[in-house]
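Sequence lines set the chain letters: A, B, ... in the order given, protein chains first and strands last, and positions in each chain run from 1.
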Amino acid sequence: MNDLATPIRDDAWIPSSCALCYGSCSILAHRVDGVVVKVEGNPQSVVGKGRLCGKGAGGIMTHYDPNRLKTPLRRTNPKKGLDEDPRWKEITWDDALEEIAARLRRIRAEDSRKLVMQRTTTVTASRLPMQTFAAAFGTPNLSTAGGGLHCGNGAHLLSGIMHASWSVVPDFEYCNYAIYFGASKGHGAGHASASNMGLAAEARARGMKLVVVDPMCNFASAKASEWVPLRVGTDGALALAMCNTMANELGIYDAAYLQAKTNAPYLIGPDKLYVRDPASGKPLVWDKAAGAARPYTDARPADTALEGELEANGVRCQPAFQKLKDHLRRFSPEWGEAISTVPATTIRRLAREFAREARIGSTIVVEGVTLPYRPVAAIAFRGAQGHKNSVYNFLAIELLNQLVGAADVVGSCLGFNPACGGFPETGRPRYVPSAGPDGLMTVGMWMGYHYPYPIAEPRMPRNLGLQDLFAMGMTSPFLDSDDREQMWSRFELGYRPEMMLNFGANLLMSIANRETVARSLAAYEFMVSIDLFETETTRFADIVLPDCSYLQTLDSRSNFPFIFSLPAGMGEWCWPIRQPVLAPEGGQRRFQDVLLELAERIGMRADLNAAYNASMNLAPEFRLQGERRYTFEEICDAELKSNFGPGRGLDWFKEHGLVKWPKRPEEVYWRPFVDVRVPVYWEFMVPLAEKIDALTAPRGLKLPREYYEPLPDFLPCASHDCKAPGFDLTAFYYRDSIHTNSFTMENPWLDEAARLDPFSYTIAINADTATKKGLADGALVRVETESGRSVEGRVRLTQAIHPEGLGIAACAGHWGDGMPVAKGKGVFFNGLLDLDWEHVSPVNLNLDLCARVRVTPVEARR
Amino acid sequence: MRRGMVIDLRRCTGCYGCQISCKAEHGTPPGVLFARVLKREEGRYPSMRLLFLPVLCNHCAEPPCVEACPTGASFKWEDGIVDIDQDKCVGCRSCMMACPYANRYLNDSPQNYFEQGATPFEAARTARHQTDVVMKCNFCRDRVRAGKPPACVANCPTAARTFGDLDDPASEVSRLIQERGGFPLHPEAGTRPSVFYLPP
């Protein structure tokens with residue numbers, strides 16, 4: 001009304017969400033006169049609880065980085081390669097989108113599977129728009145950079161099958177004894193990172209004993225009551241020896257839990273399969289009260305036999321638990337010592353402590369509800385399962401929990417929020433695990449790929465990643481591997497990838513050695529990269545689209561699903577959003593809008609609307625209609641109203657930032673209330689292997705059956721079997737708490753911290769080992785694998801590492817000019833990794849992340 | 001009143017949240033770290049431990065930096081906070097040599113983190129600092145006077161930091177020092193630090 005009025009001073013604290021890692025902590029961004037001058041944690045939120053790690057506190061410097069992309073770019077150099085300059089020219093958004101849309105239209109008409117959708121793990125909220133677009137377009141080829149290949153295929157698959165969640169964590173509030181195997185939950189990284197740091201610190205202050213099994217003493221091990229160093233990649237052997245000690249030497253296990261909540265009483269015949277009821281097909285158990293075999297649904301759990309030699313259906317059989325116990329006998333602590341270097345006396349002591357602290361049979365009252373109390377947890381993540389033996393390593397560790405009933409009860413190993421009754425006013429979002437085939441648990445909520453159980457029927461592949469053939473495979477190496485063409489031809493895949501649509505992933509760095517991945521990138525006829533920076537990977541694109549940062553964008557579910565990164569345990573449910581604090585600069589556009597615009601231009605608006613209705617599980621009255629055009633704001637508004645009622649749409653959330661409500665004990669400690677079982681004996685592996693082998697063997701690929709046995713074994717990595725002279729160390733990656741993937745290396749505050757850190761940018765080597773090799777602290781060395789891959793870096797002599805280990809942090813070693821702060825910093829560990837069938841788990845396709853290496857000094861350079 | 005801080009080394013998990021949230025609060029230029037995190041090894045493999053040790057100005061009750069300052073730029077407030085009057089500082093570094101803890105910085109390094117010049121954030125925040133003067137932590141005196149804890153205390157994800165009045169025996173900081181055996185770094189320097197540590 002008054003044109004001459006002086007502008008009101010802009011001074012606002014805006015609730016939103018961090019995106020410096022996938023933890024997605026809730027933030028308050030302080031904007032003064034159009035400039036964000038501070039980002040703090042939002043104390044109203046459960047996600048981060050008002051406090052931020054170094055990465056989150058430093059997000060401003062990522063946002064304001066002058067090296068960010070601001071204009072769409074078109075490649076003019078048709079050649080693609082590590083040394084090729086793309087010779088960018090700036091183009092308009094309209095030209096860029098039309099060229100991309102034309103390509104997409106043609107591919108969709110020919111064979112929509114030729115499109116590969118690739119995204120980073122860093123931005124959790126990118127999952128939904130990317131998956132929804134892929135579903136609408138009709139491509140099953142969706143990949144998450146290095147994510148699952150590295151940290152996740154074992155951890156996520158097993159957490160899904162055993163805990164109905166994406167990952168596991170101790171119930172910090174009640175746990176008294178946690179043992180970690182190559183995991184960092186609560187120590188500066190990972191799911192619910194900042195929240196868990198607080199919970200872990202409270203647990204330490206309370207006196208929880210934390211044992212950390214890890215080749216290196218940093219982060220979790222540094223905070224441990226006891227650090228147990230071991231030979232790289234032998235965690236599974238240690239866990240199996242502990243299980244043996246508990247089940248056979250001590251005879252301590254939670255029989256009531258095993259009878260009611262696992263398949264331990266199911267009868268197993270000589271063919272390793274369930275003995276089934278002829279009428280119903282259900283697995284049989286031995287009912288001690290009836291003195292007869294009965295379907296598992298018909299016997300009282302307490303009456304079922306866990307041990308013994310029995311006969312049912314005319315065959316000799318044993319309960320699965322008897323099979324497990326007998327199987328474990330081969331893993332003596334002395335055997336475990338020989339493999340892991342952990343003394344047998346230590347293995348026995350740890351097993352004894354874990355079993356005793358489990359307090360089998362005890363209960364506790366939480367908020368008026370009497371619940372089982374098992375205050376112990378065995379927790380594994382990337383370090384333990386980033387190996388060829390991924391599945392068994394994780395299963396062996398998980399069996400520690402299962403033996404004592406420490407699964408989703410008070411104080412135990414918890415999945416991240418597998419059961420949610422929903423917001424009280426709407427009952428949404430609601431999900432609970434349920435019983436699938438043979439009474440085994442199916443998740444109520446999941447992140448992507450296939451459900452972990454039931455396992456799909458293997459088939460001749462239609463996916464580039466071959467996850468439909470290797471039916472327990474998740475993130476796949478075969479999008480980029482050296483042998484991908486061989487595998488595709490062998491399995492008669494009827495198409496080849498033609499176009500990649502990448503959101504933020506720097507897969508040249510995040511998967512394996514760069515030469516292999518560069519070959520796969522160069523083979524795409526057309527690649528689009530939506531990114532914040534001109535990364536090494538983006539330099540392979542034909543068109544680059546400048547994205548908005550987390551301070552410029554909108555997400556209706558910045559931290560959903562709750563199974564991913566909401567703190568587990570009692571407390572509150574919390575649904576925050578991310579909202580724009582600043583406007584885009586130059587030509588930056590939000591990727592969510594770009595995907596909507598592309599859908600519009602290729603004429604798949606109706607398909608996308610339908611896909612959003614499904615992926616957001618929108619209530620009928622909020623579903624997107626027909627071909628109507630929606631903005632991303634409207635879609636977010638629909639999801640929020642669908643879950644939280646018409647009064648809590650996007651406007652309400654922009655003002656309040658989040659909604660929260662109390663968790664109930666029956667949700668957090670759901671296991672006693674939900675009639676599902678989990679498998680301590682993986683019977684399904686036997687027919688699965690037969691079905692896969694029936695497809696692969698005639699085509700020249702013999703499935704290594706030892707990986708598909710129903711009970712876990714320790715199967716060594718290539719690094720354990722290497723006998724080549726001079727190759728006497730095992731290099732391994734570990735997560736640095738100051739960095740997220742390769743992304744944050746460009747942040748100058750984080751770089752400054754990492755340069756001062758003794759380990760972030762160096763190669764950690766045991767001081768005695770180094771001295772024997774004549775290496776002094778700071779010496780420049782070449783680290784080489786037997787296959788000739790090598791990286792260089794400076795050694796850091798330390799007492800904090802196993803004498804045979806070589807620790808390299810994070811996803812460092814950028815070489816491109818598009819991220820100048822990051823360039824040349826740290827060591828590119830993934831450069832040591834081969835990427836092919838021989839180096840992945842033949843079950844879940846997890847890449848083997850340890851490399852046997854030789855370390856030699858690099859002559860001083862002139 | 002004597003303002004002081006207690007840092008619980010059992011809680012600290014070395015996330016650098018203090019170091020970086022301090023940079024965000026104060027917009028300090030490159031190389032100037034009012035709060036830092038050191039990593040120290042003790043013992044020999046396998047009986048060793050790695051210690052995360054966050055450090056900052058100790059706001060000593062008997063500050064040698066104040067003693068050493070020829071211009072009166074370094075001084076102590078009545079609440080015990082040791083501070084620097086940028087207008088009086090001539091950048092002679094006498095205080096830096098006197099500080100036994102190396103927690104003072106001469107602001108003569110580049111003022112911006114990126115080659116391209118100041119970001120909007122740096123233009124708004126870093127430009128407030130004078131160059132060629134000495135800088136250090138002042139316990140976030142502006143925040144404290146507004147009734148808020150220092151930024152590193154408010155932000156610490158493990159709640160390792162507690163801020164309060166060391167002269168008040170009933171304060172949380174006094175209680176923690178008493179009950180948990182709080183100790184300062186390098187007491188032999190005789191400066192009576194106001195930052196105490198609780199054992200890991």
Side-chain angles (χ1 to χ4, degrees), chain A residues 32-41 48-58 60-61 63-67 186-188 194-195 197-198 200-202 204-205 217-219 221-223 227 229 737-738 748-750 752-753 756-759 766-768 798-803 820-821, chain B residues 8-28 30-33 35-52 112-125 151-160 180 198 200:
Chain A
V32 176
D33 296 333
V35 176
V36 171
V37 296
K38 185 91 191 281
V39 172
E40 295 185 356
K49 301 183 180 170
R51 294 150 189 267
L52 297 173
C53 69
K55 303 177 289 276
I60 305 171
M61 292 304 262
H63 168 79
Y64 279 122
D65 190 329
N67 300 295
H187 305 88
S195 323
M197 272 195 271
E202 290 296 336
R204 279 198 297 283
C217 182
N218 200 356
F219 307 117
S221 339
K223 302 315 293 180
W227 172 42
S737 74
I738 196 67
W749 289 350
L750 304 181
E752 188 170 49
L756 294 170
D757 189 282
F759 302 118
N766 182 283
D768 292 345
T798 176
Q799 300 294 328
I801 191 167
H802 190 276
V821 175
Chain B
D8 186 343
L9 297 179
R10 185 177 298 168
R11 284 177 175 268
C12 173
T13 196
C15 77
Y16 291 98
C18 48
Q19 177 172 323
I20 309 290
S21 63
C22 175
K23 298 232 57 119
E25 179 72 22
H26 297 284
T28 46
V32 177
L33 299 164
R36 290 178 290 151
V37 181
L38 307 176
K39 293 188 179 178
R40 290 284 179 267
E41 293 182 22
E42 293 169 1
R44 290 187 62 77
Y45 177 91
S47 304
M48 64 81 60
R49 70 180 304 145
L50 183 73
L51 181 72
F52 303 132
N112 306 310
Y113 275 94
F114 295 101
E115 277 181 12
Q116 294 93 327
T119 61
F121 168 82
E122 290 168 309
R125 307 295 286 179
C152 59
V153 175
N155 181 70
C156 178
T158 63
R180 297 270 313 276
L198 304 180

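One N or O on the side chain of B/Glu41 and one on the backbone of A/Gln799 form a donor-acceptor pair closer than 3.5 Å. In terms of modelled atom types and a separation under 3.5 Å, the side chain of A/Lys55 and the main chain of B/Tyr16 share no donor-acceptor contact.
Taking A/Cys217, A/Gly58, A/Gly186 one by one and counting their heavy-atom pairs under 4.5 Å with chain B, the maximum is reached by A/Cys217. Counting heavy-atom pairs closer than 4.5 Å to chain B, the top residue among A/Asn67, A/Val821, A/Asn766 is A/Asn67. For the set B/Arg44, B/Arg49, B/Glu42, B/Arg125, the count of heavy-atom pairs under 4.5 angstrom toward chain A peaks at B/Arg44. Counting heavy-atom pairs closer than 4.5 Å to chain A, the top-ranked of the candidates B/Glu115, B/Gln19, B/Arg10 is B/Arg10. Of all the listed residues (A/Ala767, A/Ala222, A/Ala205, A/Gly188), the one sharing the greatest number of non-hydrogen pairs under 4.5 Å with chain B is A/Ala222. Between chain B and the options A/Asp757, A/Val39, A/Asp33, A/Leu756, heavy-atom pairs under 4.5 Å are most frequent for A/Asp757. In terms of non-hydrogen atom pairs under 4.5 Å with chain A, the most contact-rich of B/Gly31, B/Ala123, B/Gly117, B/Pro200 is B/Gly31. Note: B/Pro120 leads B/Pro120, B/Cys22, B/Gly27, B/Gly14 in heavy-atom pairs under 4.5 Å with chain A.
Contact of A/Val35 with chain B is made through the side chain alone, with heavy-atom distances under 4.5 Å. Proximity to chain A (any heavy atom under 4.5 Å) is shown, for B/Ala160, by neither the backbone nor the side chain. For a residue to count as touching a neighbouring chain, one of its non-hydrogen atoms must lie under 4.5 Å from one of that chain's; by this rule B/Ala159 touches chain A with backbone and side chain alike. With a 4.5 angstrom heavy-atom cutoff, A/His63 does not touch chain B via any of its atoms. Contacts of B/Leu38 with chain A are absent, with no heavy-atom separation under 4.5 Å from either backbone or side chain. Of the two parts of A/Pro66, the backbone and the side chain both hold a non-hydrogen atom closer than 4.5 Å to a non-hydrogen atom of chain B.
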Next item on the list: Please test B/Glu122 against A/Tyr64 for side-chain contact (heavy atoms from CB on, under 4.5 Å), starting from the C-alpha separation and ending with a verdict.
Entry: CA-CA 9 Å; B/Glu122 290 168 309; A/Tyr64 279 122; over 6 Å; no

Next item on the list: Show your reasoning for whether side-chain contact (heavy atoms from CB on, under 4.5 Å) applies to B/Leu50 and A/Thr798.
Entry: CA-CA 10 Å; B/Leu50 183 73; A/Thr798 176; over 6 Å; no

Note to self: Before you tell me yes or no, could you show the steps for B/Lys23 and A/Glu752 under side-chain contact (heavy atoms from CB on, under 4.5 Å), namely the whole-Å CA-CA distance, both residues' side-chain angles and the distance that decides it to 0.1 Å?
What the structure shows: CA-CA 11 Å; B/Lys23 298 232 57 119; A/Glu752 188 170 49; 3.6 Å; yes

Notebook entry, point to check: Step by step, would you call B/Tyr45 with A/Asp768 a side-chain contact (heavy atoms from CB on, under 4.5 Å)?
Noted result: CA-CA 9 Å; B/Tyr45 177 91; A/Asp768 292 345; 6.0 Å; no

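Here the CD atom belonging to A/Glu40 is positioned 6.5 Å from the CD atom belonging to B/Glu25, to the nearest 0.5 angstrom. Put simply, CH2 on A/Trp749 and CG on B/Leu33 are 11.0 Å apart, with the number rounded to the nearest 0.5 Å. Between atom CG of residue A/Leu52 and atom CD1 of residue B/Ile20 there is a gap of 11.5 Å, rounded to the nearest 0.5 Å. One distance of note links NZ of A/Lys223 with SG of B/Cys12; it measures 5.5 Å at 0.5 Å rounding. Rounding to the nearest 0.5 Å gives a distance of 7.0 Å between CD of B/Gln116 and CG of A/Asp65. Between the OG1 atom in B/Thr13 and the NE2 atom in A/His187 there is a gap of 5.0 Å [rounded to 0.5 Å].
Nearest heavy atoms, B/Pro157 versus A/Ala194: CB-O, 4.2 Å. Taking all atoms of both residues into account, the shortest heavy-atom contact from A/Arg51 to B/Cys156 is NH1-O, 2.5 Å. Annotation for A/Cys53 and B/Cys15: closest pair CA-SG, 4.1 Å, computed over non-hydrogen atoms.
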